[in-house]
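Just the heavy atoms: all of them, side chains too, but no hydrogens, waters or symmetry mates, feed the values below. Residues: numbered from 1 along the sequence shown. It should be emphasised that the depicted structure is a prediction, and the values quoted were computed from it without experimental measurement.
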Amino acid sequence: MRGVTGGGPSASAQVANARVNARAEDAPTLYAATATQAAVQRGADATLRAQRIEIERVRAPVHVGVARLQAALTAAEETYVAAPASRDRADTQEIAGGLRPIRA
């Protein structure tokens, strides 16, 4: 459609054309942004996966070390408790050996 001056498209045609051009320019930008976002997400997923693997690698020896320390602690506690019990038994036997039967 020709405008009043007869030279170019009407104002409504220009607006419609501008909308089409804007959409044509926005589409590749949005596509690139989406592709970038997907790449970033894949990178983040890979980073998180690598961090999770590293945590598990470090955690395994920690669990082994904790178990070893727990075993050492338990052994020390048992030794500590056994020493007085051993003395008590020895004292009991000594006392029992020195007693004479009581006659009524």
Heavy-atom neighbours of Q37 CD exceed 12 at 6.0 Å: no

Working to the nearest 0.5 angstrom, can you tell me the gap between [X] [atom1] and [Y] [atom2]?
X	Y	atom1	atom2	value
R52	T47	CZ	OG1	11.5 Å
L69	T74	CG	OG1	10.5 Å
L73	R68	CG	CZ	15.0 Å

Under the side chain to side chain donor-acceptor pair (under 3.5 Å) test, residues paired with E78 that sit two or more places apart: none

Pairwise side-chain contact, V66 with H63, heavy-atom cut-off 4.5 Å (strictly under): no

